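What follows is a single structure, written as structure tokens, with notes after it.
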There are 2 protein chains.
Amino acid sequence: MADNSTVLTQIDTKKRILDAAERLFARNGFQGTSMRAITGEAKANLAAVNYHFGTKEALLEAVFERRLVPLNKTRTDRLEAVRDSARSEARRPSARDVLRAFIEPTIAFAVSKEGAGDFPTLIGRAIIDPDDAVRKIFLRHVGPVFHLLIDALREALPELSAHALFWRVHFTIGAMGHTCHIRTMAETMQTTGKPHGLPDGVAAACDAEAMTEMLMNFVSAGMEA
Amino acid sequence: MADNSTVLTQIDTKKRILDAAERLFARNGFQGTSMRAITGEAKANLAAVNYHFGTKEALLEAVFERRLVPLNKTRTDRLEAVRDSARSEARRPSARDVLRAFIEPTIAFAVSKEGAGDFPTLIGRAIIDPDDAVRKIFLRHVGPVFHLLIDALREALPELSAHALFWRVHFTIGAMGHTCHIRTMAETMQTTGKPHGLPDGVAAACDAEAMTEMLMNFVSAGMEA
DNA sequence: GTCTATAGATTGATAGAC
DNA sequence: GTCTATCAATCTATAGAC
């Protein structure tokens, strides 16, 4: 039986690799991140990735799974709570409540106690990453929640055609994904120059709560247009 | 002096490489596209890329420049027409007109006579691509137009804070970029399965004109919320 | 479990014949 | 201008000592 220090080192290595991979995948993309960059940042040996995770793609899967399982549980619970609440009061759910149930936990992840600061950015990237591996893994995890979101919005806006609903959901996803992405860009942009049109300091502009409210107002109005 | 056949072959090779690069960069990303994949699809020799363009990054620059120069001219003209028209009538431009002046030419590029079907997708990708080379080149070309868009929207919505305007423009860009991206995904998804919630045939859902109207309604409502 | 060393494949780019 | 051949670097992944 291994002593404590060995076990702790093992766990730490795995976690350090996951953290570094999350950060680098979010910032540079899947194809843009080499295993050497990951192990370099994680202060781990190159072979440790393959030992602990098997392949680079399996590492990506592990990065997604660590965050997405609890996040999807939260989003699913909140979406079903909105539906149940409306049903028990014999009314339709409001589109705004449905959108909030989906968006708020997603962005709030940025300031969670877990310190998962880079994961929302990774979600933003995954939504639009053209790499098949990224999209396949992401869709497998997020597909059911996405389906639930569409169903709830269909209840909220029954007069909206399926065609229009489909696109409006994707506009929402696009705006949300881009928001997560901009947030990371803004951090690195302090050295290279301000984003076009950014008025105040970066910190103020990227405050998660204020950003969520802005996004909520925007997509709620668009959804109910 | 070279005879006609030689000149034509040269031009054709350059054009075939540009077309193939545009298509593959849009579909697989900059880092996800090898020079061998490009020359393979263009039926050109591997060394032809370096001969005609110098480097892979210079090729990307050429791909952007070919489309972005005329597209930006159109967008700039239309944005200034909206401002001038409002100014001559001593009224504020409407946010909807400003947004249409920016969005319509962007998406309409998909069905242009040039057959630039993949370039809107490339724009969608460039907006969110994490690769520094991609972002640098793209921002250099699109920065001035982007600045003009923000200025025009500031005139249209003077009561909106600079902070809110900044984010709403980025929500709009995100929705538009994602829309261009989904459009390509939907094409390739006919084999792998429908996107979640897609109601009708792919062709109907991706009709450029209808898509533009959907997007216009969505972002106009969000912008004026 | 962690390390060194390296296999095996692929990449961007170039030299030189034609 | 186009081709073959190849360099040098990089990549993922693995074998084997410790």
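Numbered from 1 within each chain, the chains take letters A, B, ... in sequence-line order. A quick note: this is a predicted structure, and the numbers were derived from the prediction, not measured.
Put simply, B:Ser34 has a side-chain N or O that comes within less than 4.0 Å of OP1 or OP2 on C:dT11. The side chain of A:Thr13 contributes an N or O atom lying less than 4.0 Å from OP1 or OP2 of C:dT2.
Rounded to a whole Å, the CG atom of B:Leu24 is 16 Å from the C1' atom of C:dT11. For the pair A:Lys56 NZ and C:dA9 P, the interatomic distance rounds to 19 Å; values are reported in whole Å. Here the P atom of nucleotide D:dA13 and the CD1 atom of A:Ile17 are 13 Å apart, to the nearest Å. Atom-to-atom, CE of B:Met35 to P of D:dT6 comes out at 19 Å; the value is rounded to the nearest Å. Put simply, CZ on B:Arg36 is 8 Å from C1' on C:dG12, counting in whole angstrom units. Computed from coordinates, the B:Lys14 NZ to D:dT2 P distance equals 11 Å when rounded to whole Å.
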Taking only distance into account, with no hydrogens and no angle test, what donor-acceptor pairs under 3.5 Å do side-chain atoms of residues 40-47 of chain A form with protein atoms, sequence neighbours excluded?
| residue | atom | partner | partner atom | Å |
| --- | --- | --- | --- | --- |
| A:Glu41 | OE2 | A:Arg23 | NE | 2.8 |
| A:Asn45 | OD1 | A:Ala47 | N | 2.9 |

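Each salt bridge (charged side-chain N to carboxylate O under 4.0 Å, His left out) pair with one or both residues in residues 143-153 of chain A, not counting sequence neighbours, appears once here: A:Asp151-A:Arg154. Identified under the ring-ring contact (aromatic ring centres under 6.0 Å, His included) test for residues 28-77 of chain B, with sequence neighbours left out: B:Phe25-B:Phe30, B:Phe64-B:Phe138.
Residues of residues 39-53 of chain A that place a heavy atom closer than 4.0 Å to DNA chain D, in numerical order, are A:Leu46, A:Ala47, A:Asn50.
For the pair A:His170 (side chain) and B:His178 (backbone), a donor-acceptor distance under 3.5 Å is absent.
Residues that satisfy the salt bridge (Lys or Arg N to Asp or Glu O under 4.0 Å) test with B:Glu104, not counting sequence neighbours, are B:Arg78, B:Arg100. Looking at residues two or more places apart in sequence or on another chain, you find no salt bridge (Lys or Arg N to Asp or Glu O under 4.0 Å) involving A:Arg16.
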